[in-house]
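Data block below; observations after.
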Amino acid sequence: MAALLLLLPLLLLLPLLLKLDLWPQLRWLPADLAFTVRALRCKRALRDSALAAAAADPESPEGGCSLAWRLAHLARERPAHTFLIHGARRFSYADAESESNRAARAFLRARGWAGGRGHSGTRSTKEGAGAAPVAGDPETGGETTAPSLAPGATVALLLPAGPEFVWLWFGLAKAGLRTAFVPTALRRGPLLHCLRSCRASALVLASEFLESLEPDLPALRAMGLHLWATGPEAHLAGISNLLSEAAAQVDEPVPGYLSAPQSMMDTCLYIFTSGTTGATVVLKPRFSASQFWEDCQKHGVTVFQYIGELCRYLVNQPPSQAERGHKVRLAVGSGLRPDTWERFVRRFGPLQILETYGMTEGNVATFNYTGQQGAVGRASWLYKHLFPFSLIRYDVLTGEPVRNAQGRCVATAPGEPGLLVAPVSQQSPFLGYAGAPELAQGKLLKDVFWPGDVFFNTGDLLVCDKQGFLHFHDRTGDTFRWKGENVATTEVAEVLEALNFLQEVNVYGVSVPGHEGRAGMAALALRPPQALDLVQLYAHVSENLPPYARPRFLRLQESLATTETFKQQKVRMANEGFDPSALPDPLYVLDQEVGAYLPLTPARYNALLSGDLRI
């Protein structure tokens, strides 16, 4: 009814709107209205759930609206429904509830909780007033004591993807403890930095990591961490076996008040990077492009989530029968480039793509609910009323927003790249980062449009076209300036990826002595069994890119390195530069006088540094 009341006046105003050239945006009004109504319904449902949880008995599992509360609710509604598939193993919602209850009680034992709201953080007389016993240094007799975990303490998980990871995560939520997801590749200094940043009181690590973590154990113990491992091998290192401790607990639910947040500002978990709906989740230890569609067929997957370059890896795989017999109807994620989007749908469809934009710590997100290819969302007035944001002009050279004579930021025009910012308010707060406060302050812009206002700086450049669709342009740190012009790495990469002999492309800027700004460099991986065609490549970039955007250097690699979240490693590649004596890969340089890409030999490298080779 609300949507109809809004639509009728707009229909009456349609002739005027057509004269004002507003039709390109308003033609999408039905889709904008439909999404707005769904968003409002979702918001109302969440509010009703929170009110119901707040009114429930705090001693029961129904008390408190939290992650733990949601799992308990689903386990009661559909106990036999499959919650998780991991290899040949299947777990129901009832299994997930039982296993996480046991894990919660193991963590509560370490908290010194004896039951009852009066003992939420202290050990009972029956359990003893000392600290929780844990396995210690074998040289001291096997068992030592570790301090009890305080309510709300942070427990870091250094575990591969698997059922145990999920049980422990939900168990920590039920026990009123915060979770920190630590990348499994971290060791030594980076690992210790993450643990200090989130102020971890305990660490749970996989037994298979014990050998590689052995040099870190003294430092971890010196931090006073409560150490657990997930397997019997833990005793060899003098660490408690958390899984055996959890197995010894009863699987009865724990009181809801333990996990109930005091407010929406409460920390739920920490994620170090670069909701449960009632569905069945298929979990694998690691992504495999060659087995992906077979897994989808085997388990009847209907929806999958992608990040970064994942979809590109799939379209680069050789054809298989499994890719056409699947039941996937929807792919949801972020980072899907327009060229890959078209190839993906044509080859693996029919299926729907829901491209989104957002970040873990941010206070703004967008959704491409219309399915417009290449867009990350909409900038309709309805959407911005619910989730406000703005695009402002950005100076790549200074790394700061452009401000007018009054010191205020300037909104971009349609088609103009702009920095995405969102107002910080009680409705859309910025929760900051773990660690030093200045880390969070560095992401805030003040006096953006009005004196005293505060906006979150996403660090991303987006473009809003005349129809109101948002397109990702580049990261502010990735866009570079050369010959007085701004170069967007994504645009250059899209041009190069159109060449059929290139499988992957990573574009970044490198510093060149004697030159201002950064020169474009492209790391290339060939599509087997193709060979590198430098003549065609030069002709292609000359035809499709302006002179300042053409890569000055090429680096040929067997495969391109990515992060754990399938994002290309631009910073590392830029720092490695283009010195042929320091890099093992074939390098090429653009010789503008010859009009070709030539091998970057030591002689040409020296000529470039001396100014005899013009780039």
Nearest-0.5 Å distance, CZ of residue R329 to OG1 of residue T302:
5.0 Å
Main-chain N/O of E323 paired with R347 side-chain donor or acceptor, under 3.5 Å
no
Looking at R188, is its backbone amide N or carbonyl O close enough to the side chain of D216 to form a donor-acceptor pair, meaning the two atoms are under 3.5 Å apart?
yes
In Å, rounded to the nearest 0.5 Å, how long is the span from CZ of R111 to CG of L258?
5.5 Å
Any chance the side chains of D95 and S92 put a donor and an acceptor closer than 3.5 Å?
yes
R105 side chain reached by E252 side chain, heavy atoms, under 4.5 Å:
yes
F91 and L283, any side-chain heavy atoms less than 4.5 Å apart
no
Would you say the side-chain atoms of N241 pair up with the backbone N or O of G231, donor to acceptor, closer than 3.5 Å?
yes
Criterion side-chain contact (heavy atoms from CB on, under 4.5 Å) on F107 and L168, from CA distance to verdict
CA-CA 9 Å; F107 288 124; L168 296 179; 4.1 Å; yes
Centroid separation under 6.0 Å, is that true for the rings of F292 and Y313?
no
Could you walk me through whether K284 and D295 pass side-chain contact (heavy atoms from CB on, under 4.5 Å), step by step?
CA-CA 10 Å; K284 291 196 70 172; D295 290 334; 2.9 Å; yes
Could you verify whether a donor N or O on one side chain and an acceptor N or O on the other, from S212 and R187, lie under 3.5 Å apart?
yes
Do R475 and D460 make a side-chain contact, defined as non-hydrogen atoms from C-beta onward lying under 4.5 Å apart?
yes
Knowing that exactly one of T179, V204, L149 qualifies, which makes a side-chain contact (heavy atoms from CB on, under 4.5 Å) with L172?
T179
More than 12 non-hydrogen atoms from neighbouring residues, nucleotides or ligands closer than 6.0 Å to CD on Q321, yes or no?
no
Tell me whether Q297 contacts the main-chain N or O of G325 through its side chain, where contact means a donor paired with an acceptor under 3.5 Å.
yes
Which atom of L84 lies closest to which atom of P163, heavy atoms considered:
CD2-CA, 3.7 Å
Is the count of non-hydrogen atoms from other residues, nucleotides or ligands lying under 6.0 Å from Q317 atom CD greater than 12?
yes
If you apply the rule side chain to side chain donor-acceptor pair (under 3.5 Å), what do you find for E355 with W341, and how did you get there?
CA-CA 10 Å; E355 175 76 0; W341 188 321; over 6 Å; no
Exactly one of F348, F304, W293 clears ring pair (Phe, Tyr, Trp, His ring centres under 6.0 Å) with H326, and that residue is W293
What orientation do F430 and F456 show, parallel under 30°, tilted 30 to 60°, or perpendicular over 60°?
tilted
Exam field: side chain S207 to backbone P232, donor-acceptor pair closer than 3.5 Å:
no
L242 and A106 have their tightest heavy-atom pair at CD1-CB, 4.2 Å
Working note: L220 + L192, criterion side-chain contact (heavy atoms from CB on, under 4.5 Å); need CA distance, chi angles, decisive distance, verdict.
CA-CA 8 Å; L220 295 174; L192 300 178; 3.7 Å; yes
Exam field: side chain E309 to backbone K567, donor-acceptor pair closer than 3.5 Å
no
Given side chains that start at C-beta, do those of N101 and F170 come closer than 4.5 Å, heavy atoms only?
no
Would you check if the distance from the ring center of F165 to the ring center of F181 is below 6.0 Å?
yes
Compare every heavy atom of Y306 with every heavy atom of S334, then report the nearest pair and how far apart it is.
N-CE1, 3.3 Å
Drop me the distance from L210's CG to L217's CG, to the nearest 0.5 angstrom.
7.0 Å
Nearest heavy-atom pair of V328 and C296: which atoms, and what distance?
CG2-SG, 4.0 Å
Considering all heavy atoms of both residues, which atom of P160 and which atom of E208 are nearest to each other, and what is their separation?
CG-OE2, 3.4 Å
Kindly indicate whether the side chain of L191, heavy atoms from C-beta on, has any atom under 4.5 Å from the side chain of V182.
yes
Are any side-chain N or O atoms of T340 and backbone N or O atoms of L336, one a donor and one an acceptor, separated by less than 3.5 Å?
no
Does the side chain of W228 reach to within under 4.5 Å of the side chain of S240, using non-hydrogen atoms?
yes
Non-hydrogen side-chain atoms of R378 and T370 separated by less than 4.5 Å
yes
Donor-acceptor check, side chain of D32 to backbone of Y383, threshold 3.5 angstrom: yes or no?
no
Once you round to the nearest 0.5 Å, how far does CG of N316 lie from CG of L314?
9.0 Å
Under the side-chain contact (heavy atoms from CB on, under 4.5 Å) criterion, do L71 and K174 qualify, and how do the steps go?
CA-CA 10 Å; L71 177 62; K174 292 183 176 187; 4.2 Å; yes
Within a strict 4.5 Å, meaning less than it, do heavy atoms of the W69 and S49 side chains meet?
yes
What is the ring orientation for F367 with F35, classed by angle as parallel under 30°, tilted 30 to 60°, or perpendicular over 60°?
tilted
Heavy atoms of S259 and A173 approach each other most closely as CB-O, 2.8 Å
Run the numbers on T280 and H81 for side chain to side chain donor-acceptor pair (under 3.5 Å), then give the verdict.
CA-CA 8 Å; T280 298; H81 186 78; 3.2 Å; yes
Atom CZ in F387, atom OG1 in T366: separation rounded to 0.5 Å?
11.0 Å
Output the distance between atom CG (D48) and atom CZ (R41), rounded to the nearest 0.5 Å.
13.5 Å
Run the ring pair (Phe, Tyr, Trp, His ring centres under 6.0 Å) check on F83 and Y93 step by step: do they pass?
CA-CA 5 Å; F83 168 67; Y93 275 87; 4.9 Å; yes
